[in-house]
There are 2 protein chains.
Amino acid sequence: MPQKTVYFGRFISTPQPNELLIRTGAALVNRKDGRGTIEKMDWTVGSPQDAVHKYGIDTPVVTAKDNGFFFPGFIGECFHSYWDLRNRKSLTLWTRKMANGCLQTDTHIHASQYPNVGIFGKSTLLDWLTTYTFPLESSLGNPKSPMYRNATEPPDPLARAKTVYNRVISRTLANGTTTASYYATIHLDATNLLADIAFARGQRAYIGRVCMDRPETCPEYYRDESTEQTIAHTKASIEHCRSLDVSGELLAPIITPRFAPSCLPETLSQLGALAKAEDLRVQTHISENLSEISLVKQLFPDQTTYTDVYDHHELLTPRTILAHAVHLSQDEMRLIKQRKTKISHCPASNSALGSGFCPVRVMLDEGLEVGLGTDVSGGYSTSILDAVRNACMVSRHVGYVNGGDSRYNLGVAEGLWLATVGGAKVVGMQGRLGGFEEGMLWDVQEIVLDEVDPNGERGETEVDIFGWETWEDRVEKWVWNGDDRNVRRVWVGGRLVHERQ
Amino acid sequence: MPQKTVYFGRFISTPQPNELLIRTGAALVNRKDGRGTIEKMDWTVGSPQDAVHKYGIDTPVVTAKDNGFFFPGFIGECFHSYWDLRNRKSLTLWTRKMANGCLQTDTHIHASQYPNVGIFGKSTLLDWLTTYTFPLESSLGNPKSPMYRNATEPPDPLARAKTVYNRVISRTLANGTTTASYYATIHLDATNLLADIAFARGQRAYIGRVCMDRPETCPEYYRDESTEQTIAHTKASIEHCRSLDVSGELLAPIITPRFAPSCLPETLSQLGALAKAEDLRVQTHISENLSEISLVKQLFPDQTTYTDVYDHHELLTPRTILAHAVHLSQDEMRLIKQRKTKISHCPASNSALGSGFCPVRVMLDEGLEVGLGTDVSGGYSTSILDAVRNACMVSRHVGYVNGGDSRYNLGVAEGLWLATVGGAKVVGMQGRLGGFEEGMLWDVQEIVLDEVDPNGERGETEVDIFGWETWEDRVEKWVWNGDDRNVRRVWVGGRLVHERQ
């Protein structure tokens, strides 16, 4: 494979909230050390032929379709620790670069729950867990899972895990997610398999072996046996990820206490200590719905708030991603900000399960860093575009319940900014991953939009471009009706990881 | 074309709210008078071969795929008046039949606004109309429309209308909408063109020439000149529809005052009288958002409520479809019920524009008849499945703002029931159109769902069936992630009107 490639076409990104940047030119990507980064953005190049002329006949030129554009893919990695260890000089350089690209980041997704997308009835969080989620997750590792009760053949949980994990990675890549922060299950083998598959497929992924060991809140058929087991299995999962990718750049472990009610207090503390000792990322849930918050209050009477619970156990770190955060008090927001902890906003899930309306604007105004998550399968879709749609709609609901106050509204550009720059911040990758700037990794998706022919004949997708729309209009139409059919190609670190047939 | 056809496969419908009926068998459809109706449902037939054996080698057998099912299509017609005129005996017969099928009904869609799906920024209803909607609609008939300001070629509004109307009909058919109640524009030629296209394509359609003539609220470039012109053009549109289909069964006109603020009071009265004299359906908007309600109060100080305004002008009839109805008072609901007027719930639009949460459960409890509408392009999608998703999510929001009261929740079966039986009631077609019963028209869609192969290779759609799901689960997955790719074929009155390539 040649070391350099030129990508020519239209580039769209959201460097600022409310700013959609649209330019045509070329990106020269250099694939040294197996990692493709942007060596140079050249806005003077006007055609593929120009590119050949300028960069040499031996440099392949990849051209986006004229009715499409390059858009950054999704990331979910917090690199501060990595760069600290690897290259202090680079750290200073990278953190100084503002992430001005758009990377669609799936900062919160349960890979194991993928088969249940759309299956949640009229449940809300806590009964949803026991009715749908624990049975499904347990089936990826426990032949005695309730899901196998009526099985006609002997269960093969690992085979099931393989099918499920292959599919969810295919589906997320097809929807343009270049990096995902995954929750797997408690099972070590299946979690290691997720890591293997993600690494082989080339998606940038954080792999979280789920920790849950509190007997009162976890079913007998699905829980870690003790704090010792939780920590041992977590460590084994960490080792496995490191054996695949010691750099942690493409694949890395992430410490994953399911949520406070799921873990013994001692486990939470030890996980906090492990995250610190190993300099690892952490992910968990917070304040998703009101019943859950009451449960936390019952189980942790010594802490004032849900946020305090995590803080007390040293899990509130700059590398922690908290999913949901629908009902945080102002004090909680301030503490989260103080600790530089990040938020993953999961609007599809919050709406589908009736959890409430997350006031994203308030959190942004408080200075919190917010990205988007699909939260499959509280959320029904693997698509971050769908998350952007729902983020816009939920912001309208926040405005509506606040007397029609429009300042809460998020528009399309802002939704894409959250999904990209926001996500970059959430994973600590400002400047290293993110749009179309020198030094950034080439984690990118190529989007294509059909034009309607004058006879009005059927196009192949739900996005119909009539020809008179501006490119800003077209991006809006793409956000509201786009799907995987509009994602033509996806690259991670310069490697082509998905191509639509 | 042979007169009879047997359709064999799995049939799914929602005869009752919360009931998903799944059966395998055959439907014998007889296409007399060019209109295909179900002569018999035969649940004893176990295979296509059985069907041939039973119904004869010359009767074609159309088989749904094994990984799919027949589901009723969408309807939007109120047939009471038709049957009254045509066949009083039949009327008694038909009204006694309970609609127990599932027809997905798009009871509210602006065909002319299709190019703007997804384009609405952060606007709310009234500014959305002036910023996006009036310019677009006007461009389908007025060469001086603001949309042509920067045109590089001479405008050809009728050509534009043709392209737009062909596309929206293609798109709605592809999404399984067999009948749609359309708002066109004020322009007679373009509206007649919509009628021509719908009739040629075979979609069951109601064509509404939009009436708007109040100078204070309508832009100069887009309004009827006077009450006389409004009525004259409306009558001409009615005549044109009748010239295509005198029976009104496949294509019919529908009287369409845009909404109360758009029309002079005298116009509203004359439209009410015209609807009565011609025994026609009526469609309009009501109570979509709070600013609009205030506007109506200003413009109609003599009426107490928005509903009273329509009632006063004799527009509140059993054949009237009111879209939105987000903020009705209890008194208004009672009056609507008294008049037997119908409601078209448009959740995608209400969420996208921040209009509020329509309390569908309350309206159903009050005995109102409710169906679903896409409300393109307040709503961003032409898909009724998307409307079902949004209806479920909005019902969660209603529950949430009412202290987490779960009785407001709508689940998938109920959402589909609203989209089908609900829609049948809204258009007065109980027993004539609707699921799979003797005498019903064959307005049906064939749905297909991909099974994931054991290696987890990529399926072609966003719905992945792993094989262990029940059919109830599969329907839920279809609702939450289905799109036009899952709609393999669509029939209207037994005629194949869409087939996926």
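So you know, we letter chains A, B, ... as the sequences are listed, proteins then strands, and number each from 1. Just so it is clear, the values below take in all heavy atoms, side chains as well, and ignore hydrogens, waters and symmetry mates. Just so it is clear, the structure is predicted and the values come from calculations on it, not from any experiment.
Under the 6.0 Å cut-off for aromatic ring centres, B:Phe357 and A:Tyr400 qualify, their centroids lying closer than that.
Side chains of B:Thr163 and B:Asn166: no donor on one and acceptor on the other come within 3.5 Å.
Summarising the geometry, atom CG belonging to A:Leu385 is positioned 12.0 Å from atom OG1 belonging to A:Thr374; distances are rounded to the nearest 0.5 Å. A distance of 7.5 Å separates NZ of A:Lys162 from CG of A:Leu193, quoted to the nearest 0.5 Å.
For the residue pair A:Ser139 and A:Tyr148, the shortest heavy atom distance occurs at O-OH, 2.5 Å. Nearest heavy atom pair, residue B:Trp468 against residue A:Pro115, reads CZ2-CB, 3.6 Å. Contact between A:Tyr380 and A:Ala348 at its shortest, heavy atoms only, is CE2-CB, 3.9 Å.
Under the 4.0 Å criterion applied to side-chain N and carboxylate O atoms, B:Glu462 and A:Arg485 are not assigned as salt-bridge partners.
Put simply, of A:Val412, A:Leu353, A:Asn150, the one with the most heavy-atom pairs under 4.5 Å next to chain B is A:Leu353. For the set A:Phe120, A:Trp480, A:Tyr165, the entry with the most heavy-atom pairs within less than 4.5 Å of chain B is A:Trp480. Highest contact tally toward chain B, considering only A:His397, A:Arg389, A:Glu414, A:Lys477, is held by A:His397 [criterion: heavy-atom pairs under 4.5 Å]. With chain A as partner, the option from B:Gly354, B:Ala159, B:Ala151 having the largest number of non-hydrogen pairs under 4.5 angstrom is B:Gly354. Of the listed residues A:Gly399, A:Cys392, A:Gly121, A:Gly356, the one with more heavy-atom pairs under 4.5 angstrom with chain B than any other is A:Gly356. Across A:Gly404, A:Gly411, A:Ser351, the residue that shares the most heavy-atom pairs under 4.5 angstrom with chain B is A:Ser351.
Only the backbone of A:Leu410 comes within contact range of chain B, with at least one heavy atom under 4.5 Å from a heavy atom of that chain. Of the two parts of B:Val479, neither the backbone nor the side chain holds a non-hydrogen atom closer than 4.5 Å to a non-hydrogen atom of chain A. There is no contact between A:Arg474 and chain B, counting heavy-atom distances below 4.5 Å. For A:Asn481, the part sitting under 4.5 Å from any heavy atom of chain B is the side chain, from C-beta outward, and nothing else. Proximity to chain A is absent for every atom of B:Glu472, based on heavy atoms less than 4.5 angstrom apart. For a residue to count as touching a neighbouring chain, one of its non-hydrogen atoms must lie under 4.5 Å from one of that chain's; by this rule B:Asn390 touches chain A with the side chain only. Residue B:Asn409 touches chain A through both its backbone and its side chain, counting heavy-atom pairs closer than 4.5 Å. Heavy atoms of B:Leu173 lying under 4.5 Å from chain A are absent altogether. Contacts between B:Ser406 and chain A at a heavy-atom distance below 4.5 Å are absent for every atom of the residue. In this structure, chain A has a heavy atom under 4.5 Å from the backbone of B:Ser355, while its side chain stays farther away. There is no contact between B:Ser291 and chain A, counting heavy-atom distances below 4.5 Å.
Contact annotation: the side chain of B:Gln203 never approaches that of B:Val497 to less than 4.5 Å [non-hydrogen atoms, C-beta and beyond].
The only option from A:Thr382, A:Ile169, A:Thr172, A:Val490 that meets the side-chain contact (heavy atoms from CB on, under 4.5 Å) definition with A:Thr177 turns out to be A:Thr172.
In this structure, A:Tyr114 and B:Phe466 have perpendicular ring planes: the angle between them is above 60°, well past the 30° mark.
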